[in-house]
Amino acid sequence: MLLVKLGGSVVTEKTHLRTPRPAAIRRLAGELASLREPLLIVHGAGSYGHILASRHRLSEGGSTPSRRLAAARVQADVRELDGLVVRALNRAGLAAVPIPPSAVLSLDDGRVSTMDLTPFLEFASMEFTPVTFGDVVRDVHRGFSVCSGDLLMLELARSFRPERAVFAADVDGLFTADPKRRRAARLLDTVGPKDLSQIEFSAASRTDVTGSIEGKVRRMFEIADHAGECLIVNGNVKNRVRDALRGRRVVGTRVVRGP
Ligand code: IP8
């Protein structure tokens, strides 16, 4: 089993509300369809989720009528993006089925409370390709919560123990500093918990409601614990995601659990 997350900044224009990147979605769908192994696909929410979720402070939960309405709108928006991804995958020849987190997952103050993995297990056993995504889900403590695709990567890695878990980002991997701001930033070949101290994490970008880069990297350490290997690669470079999933050596960062 292979596990992949298509980052929201690869499948959407992150700063333009509800703007997909159809060419990237199509190309990545083709790359994934060319693989011979069973696959689980997660994608980020990008501009279909983060902009409104941040504007309405949905990560704080709450259930005022206006927050509820915003939560419902974001749920509808991320499903719209998922529809684009699933349709592209089906066109490329994968039998992709959407599994919305809001229907199978509930959180307790941001942590997993219950998750029904049955649809993932049963569709995968019938050789479908389950597709899930960052979403707004029930939260027994907060009312609702924003759930990152990264959390789904972890839960799926825990249950399926994939041979490889690959994160497709809009940069080559994890750098010693933000490569978009610092020219001297160096790509890390491998990163483990002990390397965190040499990374200069900038403040999380204003529209990213699912937490800091450091938090995301810490989650990847947990994922690495349940996968044969865990990699961050550039999803904007043709065939890099495909080659990483095939186990070829590519430019990127290997995430290791470390001692
Ligand atoms: O893009 C975020 O998921 P992510 C989900 O995987 C929402 O972090 C609704 C903003």
Side-chain angles (χ1 to χ4, degrees), residues 3-21 24-25 28 40-62 67-86 98-107 110-112 115 130-139 142-157 165-171 174 201 204-220 222-223 230 232-233 235-236 241 255:
L3 177 61
V4 63
K5 181 180 178 197
L6 307 177
S9 50
V10 179
V11 293
T12 76
E13 294 289 351
K14 195 100 187 248
T15 54
H16 294 98
L17 185 64
R18 285 190 297 268
T19 308
R21 296 185 70 223
I25 295 175
L28 286 163
L40 296 167
I41 301 173
V42 178
H43 63 80
S47 58
Y48 285 72
H50 289 270
I51 297 176
L52 282 189
S54 152
R55 192 178 296 161
H56 296 277
R57 303 214 306 267
L58 295 189
S59 45
E60 294 165 21
R67 288 249 176 111
R68 236 181 352 250
L69 191 57
R73 282 176 62 194
V74 171
Q75 276 196 355
D77 288 349
V78 291
R79 282 186 189 222
E80 188 179 314
L81 172 63
D82 186 59
L84 300 178
V85 173
V86 165
I99 304 180
S102 57
V104 293
L105 172 72
S106 69
L107 301 183
R111 295 202 177 89
V112 175
M115 181 156 181
V131 180
T132 193
F133 48 89
D135 201 356
V136 176
V137 303
R138 290 158 290 151
D139 188 305
R142 302 180 195 161
F144 57 81
S145 268
V146 175
C147 171
S148 171
D150 297 353
L151 185 58
L152 292 148
M153 286 291 281
L154 175 58
E155 292 310 309
L156 292 174
V166 171
F167 286 82
D170 65 345
V171 288
L174 189 65
F201 290 106
S205 97
R206 272 189 33 204
T207 51
D208 212 328
V209 289
T210 46
S212 63
I213 302 286
E214 182 173 354
K216 286 172 189 280
V217 175
R218 286 188 188 278
R219 180 141 288 156
M220 287 179 195
E222 287 185 71
I223 294 167
C230 179
I232 310 168
V233 301
N236 286 328
V241 171
V255 181

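Small disclaimer: the values here were computed from a predicted structure and weren't measured. In what follows, residues are counted from 1 in the order of the sequence shown. Just follow the structure's listing: the first ligand is 1, and inside any ligand the first atom is 1.
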Using a 4.0 Å cut-off on heavy atoms, what residues surround ligand 1? Order them by chain and number.
Lys5, Gly44, Ala45, Gly49, His50, Val74, Gly134, Asp135, Val146, Cys147, Ser148, Gly149, Val209, Thr210, Lys216

According to ring-ring contact (aromatic ring centres under 6.0 Å, His included), who are the partners of Phe167, at least two apart in sequence or on a separate chain?
none

I need the single residue from Lys5, Arg219, Arg218 that forms a side chain to side chain donor-acceptor pair (under 3.5 Å) with Asp150. Which is it?
Lys5

Throw together a table of side-chain donor-acceptor distances under 3.5 angstrom for residues 74-81, partners on residues two or more places apart or in other chains.
from, atom 1, to, atom 2, distance (Å)
Gln75, NE2, Val136, O, 2.6
Asp77, OD2, Arg18, NH1, 2.9
Arg79, NH2, Ser102, OG, 3.2

Criterion side-chain contact (heavy atoms from CB on, under 4.5 Å) on Leu3 and Val166, from CA distance to verdict
CA-CA 6 Å; Leu3 177 61; Val166 171; over 6 Å; no

Under 3.5 Å, is there a donor-acceptor pair between the side chain of Ser47 and the main chain of Thr19?
yes

Side chain to side chain donor-acceptor pair (under 3.5 Å) partners of Arg21, counting only residues at least two apart:
Asn236

